[in-house]
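All values below come from the heavy atoms of this structure, side chains included, with hydrogens, waters and symmetry mates left out.
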Amino acid sequence: MLVSVDERVWTSPRWRSPPSPDGHAGWHYELSGPRLMTFGDAVGEIARGIGRDIRYVALSPEAYADEQRAQGVPEEWVQLSIGLYEHVRSGSLASLGDGVQRSLGRAPRDFSDYVKAAAREEVWNA
């Protein structure tokens, strides 16, 4: 599972306005969108949003590592990232957070809304 966070969270004037006189020091925000999604869910949303046939093909951790090595990624990073990849792919790290609501005072934007806006801006027309 993965959790999407709208990029506008970090660019919001309210985000830049600290919640206390000490700024954000000592505050912990778990940022997420309003729902959990798999990589396949996210790719499916993008495909529908741009009207193209795009599919997510899951890789085993070993295949993921091989792809990274083929791209020249240093072995230290390959080893570090395959563990993270497996946790994300399996959904074992998936959780929803309330950090967007707490920090901005509004609900997080859904990934499908982000996809629609990005499609209008032709972000994926490469």
Side-chain angles (χ1 to χ4, degrees):
M1 295 285 184
L2 61 102
V3 179
S4 67
V5 178
D6 182 351
E7 78 282 356
R8 293 181 298 175
V9 167
W10 295 283
T11 60
S12 166
R14 182 153 180 198
W15 178 258
R16 293 189 301 262
S17 299
S20 74
D22 296 330
H24 292 278
W27 288 72
H28 175 83
Y29 299 104
E30 292 196 26
L31 302 175
S32 75
R35 63 185 165 118
L36 297 174
M37 301 175 70
T38 65
F39 287 121
D41 294 337
V43 171
E45 294 256 359
I46 293 167
R48 283 187 296 282
I50 63 175
R52 292 174 51 194
D53 183 23
I54 304 170
R55 298 173 195 191
Y56 170 71
V57 177
L59 297 177
S60 68
E62 296 79 20
Y64 179 69
D66 290 344
E67 289 290 328
Q68 289 187 85
R69 289 183 190 106
Q71 296 297 318
V73 174
E75 188 62 28
E76 182 178 299
W77 176 251
V78 170
Q79 293 304 312
L80 178 67
S81 65
I82 58 174
L84 177 59
Y85 171 76
E86 180 56 24
H87 283 300
V88 172
R89 189 175 76 101
S90 72
S92 65
L93 300 177
S95 68
L96 295 175
D98 65 352
V100 173
Q101 182 69 47
R102 285 181 34 235
S103 64
L104 298 182
R106 66 162 177 81
R109 181 167 68 152
D110 191 77
F111 187 72
S112 62
D113 295 330
Y114 164 76
V115 167
K116 290 171 191 167
R120 281 191 302 272
E121 297 170 15
E122 300 183 347
V123 169
W124 294 294
N125 287 355

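In the displayed structure, Glu76 atom CD is contacted under 6.0 Å by at most 12 heavy atoms of other residues, nucleotides or ligands.
In this structure, CZ on Phe39 lies 10.0 Å from CG on Leu59, to the nearest 0.5 angstrom. Between the CG atom of Asp41 and the CD1 atom of Ile46 there is a distance of 11.0 Å, given to the nearest 0.5 Å. Atoms CG and CZ, on Leu36 and Phe111 in that order, are 13.5 Å from each other to the nearest 0.5 Å. Atoms CD1 and CZ, from Ile54 and Arg48 in turn, are 11.0 Å apart once rounded to the nearest 0.5 Å. Here the straight-line distance linking atom CZ of Arg89 with atom OG of Ser60 works out to 7.0 Å at 0.5 Å rounding.
Within the 4.5 Å cutoff, no side-chain heavy atoms of Tyr85 are placed close to those of Val78. At a threshold of 4.5 Å between non-hydrogen side-chain atoms, the residues Ser112 and Arg35 count as touching. When side chains are defined from C-beta on, Leu80 counts as touching Trp77, because their heavy atoms get closer than 4.5 Å.
Between the side chain of Arg102 and the main chain of Glu30, no donor-acceptor pair closer than 3.5 Å is present. Under a 3.5 Å cut-off, the side chain of Asp66 and the backbone N or O of Ala63 do not form any donor-acceptor pair. The closest donor-acceptor contact from the side chain of Tyr56 to the backbone of Thr38 lies at 3.5 Å or more, if one exists at all.
Screening Glu62, His87, Gln68 against Ile82 for a side-chain contact (heavy atoms from CB on, under 4.5 Å) leaves a single residue, Gln68.
At a cut-off of 3.5 Å, with distance as the only test, a side-chain donor of Glu75 or Gln79 sits close to an acceptor on the other residue.
Of all heavy-atom pairs spanning Gly97 and Ser32, the tightest one is N-OG, 2.8 Å.
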